[in-house]
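What follows is a set of notes on a single structure, which appears directly below.
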Amino acid sequence: MNQTTLQDNPYDPAPSRGSAAPAAGGRPSSTVLESLIVLVIGVVLMSYIHAAGSDRPAEARGLPGHDSFYHVKMAALIPEHGLLDELPWLKFVYFTDEGHDFVSHHYGFHVFLTPFVQLSHWLTGDYLAGGRWAVTVTFGLTLMLFNLLLIHGQVRWRWLWLILFILMPAQFFTRHAYIRAISPSLTFMLLVLVLMFRRRFLLTGLAVALFTHLYLGGVLYAPVLVGLFVLSSVLVSPGAREVPWRLILAATTGWAIGVVVHPYVGGMAEFLRLQVFGTGLSPDIPVGREWKPYEGVWWFVQSAGVVLVTWVIAVTARLRLGKPLSATDLTLLLLNFAFLVLTCKARRFIEYWPVFCLLSAAYLFVPVADAVSSWWHREYVADRTPRRAWFEVVVALLVVGGVAALIQRVRRLPDLASFADEWPVWLILVGLYALVSLCGIRRRCDADAPPVRIGEAGRQDACVTRRRDGGAVLVDVARTVTVAAIVLAVVIGSAAYPWSQIQRGVRCGYDLPAIRAAMEFVKGDSAPAEVIFTDDWDIFPVFFYYNSYNHYIVGLDPKFTHARRPDLWKRYVKISRGQVPADESVEIIDEAGSTFTESLHIALTDIRDYFGARYVITDQDHKNLARKLANAREFAELVYPSNSYTGSRDAPYLVFRIRG
């Protein structure tokens, strides 16, 4: 039997890890083509997720989540207001220890959003669609950079890892559909890893500097990424050990420049302390659900089962093979562990952890895949005959027929019918494999031999020779069709991935026409900058989007009020719940740092006396407050949607005007 080696085999999809060829990439043109294909697939997938609300009228479609409206509004205001020193729309929200200074930790994200929302407004008359377009693009870039990391690591069967990416936990896709800095933040993390691993240290420093401006979390995330790579470079086996001084110098310089020239550097430290510890890791008041852990370990394991099982298999196979870890392998392993711990502490980190887990598994599995591929080509491919090629074609046809039968069977089962109907996802999965695989065929063909002039004596283009080899061509086509069909069968047959649930999770939960009507009434009935008392802090973004004519009480994060004025926060909580009158006590820290307890008497009239509000808006979840206001006729009057509380109590939103 022909003992063709892995390095010399023309059918090998990637060079060995020790070769001097570009990392698993073959010719640059092939890598560019593959990257563009993966980018388009990521854009199509996120567009499909966002299409959940396309059955609604344009004015009712909205955006997923709460904060999405705030970010789009801030981006829309940039051409008129520029970068804000204060946020006048929130009267009792404090981002710094003293004064009313505003720290916009998403200002770079808002700048990135601006061209998208302005284009959307020009085309549709509304800014919201631009927010969806922006995160769709960044998600496509994230998938592309994920694939570039696979290329750099010479990971075989990249189509398989890309399909596993698409099967990550549903919460990952839900959070990346929000119009928030989540998606571009992950994009920058992967960009930093790509540049570090490719030893482009000056570009790494530039990426770190830009990351700190895109999202203030980059001030913390970038040092973690670089620090773990430096640590891994020192901890690997002695033969590969090094201290990457150029990386340390470039990344430190980029980080320092990014921090120093940041427009909100003055309040950066105290803001991060408040946001990371006061709200995130050690909150002392109820905060948003995203900062809470998942309820139930088994539920989390089930939701992340594909990623966890893949990583366990990769670790087990790597331990069995006994290969030492490289610096890149160890870096991704440590990142996986770090973000897994954070995900167990706060569910919001599900937006990052699965990607690092899957990358860690892919890099750990490389030696195993190399060994399997070497054996396959040595024992099977090098000894191929036309008869065996035709046998593979027959097998491929049988597999395709079996998949077709399975799909028909699945469609007859009521509980799986909706799952099978997600044909756009299956089309993406099959296209993902087919296109990337065909790129690999072209790359291998190009790498067989250098091109020669047609008719040159005694030589032929290896690609021409291969095209004339009917057995090889049939095998390539049969392999593509077979594996694509198997992937389709596994995904559809498992009926385990909740695409419909993801789409429901990203549908806008607000009655936007009702909100718009209420805001239009208030704007027409009030003077500029008059204050609205809202019944919950997380309603502020959507109210702010439709009405920046008025000002509000609290929003964005409870800690931004509680940390500075715990007495006002206590009053707000009791009033918004309709639990007044009430006597409470609150701990106050004076200017000297001493703590004392203050007694509070909380009344409905605090809306006017302490908060200076002229209007109160309530929804169906806060009927206690609405009832209190309706009964206090000497203090408040119902003005929208009518003057009768009995006839309007079931309306989506009630507007009360404060007397006096």
Quiz prompt | Matching residue for Phe69 among Phe544, Tyr510, Phe543 - test: side-chain contact (heavy atoms from CB on, under 4.5 Å) | solution = Tyr510

Quiz item: Would Ile179 and Tyr70 satisfy side chain to side chain contact (heavy atoms under 4.5 Å, CB included), going step by step from the backbone distance to the final call?
Solution: CA-CA 9 Å; Ile179 318 304; Tyr70 165 76; over 6 Å; no

Side-chain ([X]) to main-chain ([Y]) donor-acceptor, under 3.5 angstrom:
{"X": "Ser360", "Y": "Cys357", "result": "no"}
{"X": "Arg273", "Y": "Phe271", "result": "no"}
{"X": "Thr331", "Y": "Ser232", "result": "no"}
{"X": "Tyr363", "Y": "Leu149", "result": "yes"}
{"X": "Asn547", "Y": "Asn550", "result": "yes"}
{"X": "Arg132", "Y": "Gly62", "result": "yes"}
{"X": "Ser68", "Y": "Gly65", "result": "no"}

With the side chain counted from C-beta on, respond yes when [X] and [Y] share a heavy-atom pair under 4.5 Å apart, and no when they do not.
{"X": "Val43", "Y": "Ser47", "value": "yes"}
{"X": "Phe95", "Y": "His105", "value": "no"}
{"X": "Tyr107", "Y": "His262", "value": "yes"}
{"X": "Leu186", "Y": "Glu351", "value": "no"}
{"X": "Arg199", "Y": "Leu247", "value": "no"}
{"X": "Leu164", "Y": "Val307", "value": "no"}
{"X": "Phe146", "Y": "Val38", "value": "no"}
{"X": "Phe116", "Y": "Tyr127", "value": "no"}

Atom pair [atom1]/[atom2] of [X] and [Y] - distance to nearest 0.5 Å:
{"X": "His50", "Y": "Leu45", "atom1": "NE2", "atom2": "CG", "result": "10.5 Å"}
{"X": "Met519", "Y": "Tyr546", "atom1": "CE", "atom2": "OH", "result": "11.0 Å"}
{"X": "Arg507", "Y": "Ile49", "atom1": "CZ", "atom2": "CD1", "result": "14.5 Å"}
{"X": "Leu193", "Y": "His152", "atom1": "CG", "atom2": "NE2", "result": "10.0 Å"}
{"X": "Thr343", "Y": "Lys345", "atom1": "OG1", "atom2": "NZ", "result": "12.0 Å"}
{"X": "Thr310", "Y": "Met168", "atom1": "OG1", "atom2": "CE", "result": "11.0 Å"}

Could you tell me how the ring of [X] sits relative to the ring of [Y]: parallel (under 30°), tilted (30 to 60°) or perpendicular (over 60°)?
{"X": "Tyr215", "Y": "Tyr221", "answer": "tilted"}
{"X": "His551", "Y": "Trp89", "answer": "perpendicular"}
{"X": "Phe165", "Y": "Phe172", "answer": "perpendicular"}
{"X": "Tyr264", "Y": "Phe102", "answer": "perpendicular"}
{"X": "His106", "Y": "His71", "answer": "perpendicular"}

Exercise. May I have the step-by-step check of side-chain hydrogen bond (donor to acceptor under 3.5 Å, both in side chains) for Thr138 and Thr187, ending in yes or no?
Key: CA-CA 7 Å; Thr138 56; Thr187 302; 5.0 Å; no

Exercise. List the steps and the verdict of side chain to side chain contact (heavy atoms under 4.5 Å, CB included) for Leu364 and Leu325.
Key: CA-CA 8 Å; Leu364 289 173; Leu325 297 179; 3.5 Å; yes

Practice problem: Can you establish whether the number of heavy atoms outside Phe337 located under 6.0 Å from its atom CZ is more than 12? | Solution: no

Self-check item: Residue Trp133 excluded, over 12 heavy atoms near CH2 under 6.0 Å
Solution: yes

Quiz item: What do the steps show when you test His66 against Phe540 for ring pair (Phe, Tyr, Trp, His ring centres under 6.0 Å), and what is the final call?
Solution: CA-CA 8 Å; His66 302 289; Phe540 163 74; over 10 Å; no

Nearest heavy-atom neighbours spanning [X] and [Y]:
{"X": "Gly153", "Y": "Val366", "result": "O-CG2, 3.6 Å"}
{"X": "His110", "Y": "Ala75", "result": "O-CB, 3.5 Å"}
{"X": "Gln118", "Y": "Pro79", "result": "NE2-CG, 3.4 Å"}
{"X": "Phe112", "Y": "Ala134", "result": "CE2-CB, 3.9 Å"}
{"X": "Gly140", "Y": "Leu39", "result": "C-CD1, 3.3 Å"}
{"X": "Ser120", "Y": "Leu128", "result": "OG-N, 4.3 Å"}

Quiz prompt | Pair Glu34 + Arg158: basic N to acidic O under 4.0 Å | solution = yes

Exercise. Using the side-chain hydrogen bond (donor to acceptor under 3.5 Å, both in side chains) rule, take Ser185 and Tyr352 through it: C-alpha gap first, then chi angles, then the decisive distance, then the call.
Key: CA-CA 9 Å; Ser185 175; Tyr352 300 130; 2.9 Å; yes

Practice problem: Take Ile350 and Arg175, measure what side chain to side chain contact (heavy atoms under 4.5 Å, CB included) needs, and give me the verdict at the end. | Solution: CA-CA 8 Å; Ile350 196 70; Arg175 290 193 61 79; 3.7 Å; yes

Quiz prompt | side chain to side chain contact (heavy atoms under 4.5 Å, CB included) between Phe560 and Tyr94, intermediate numbers included | solution = CA-CA 5 Å; Phe560 292 151; Tyr94 306 94; 6.0 Å; no

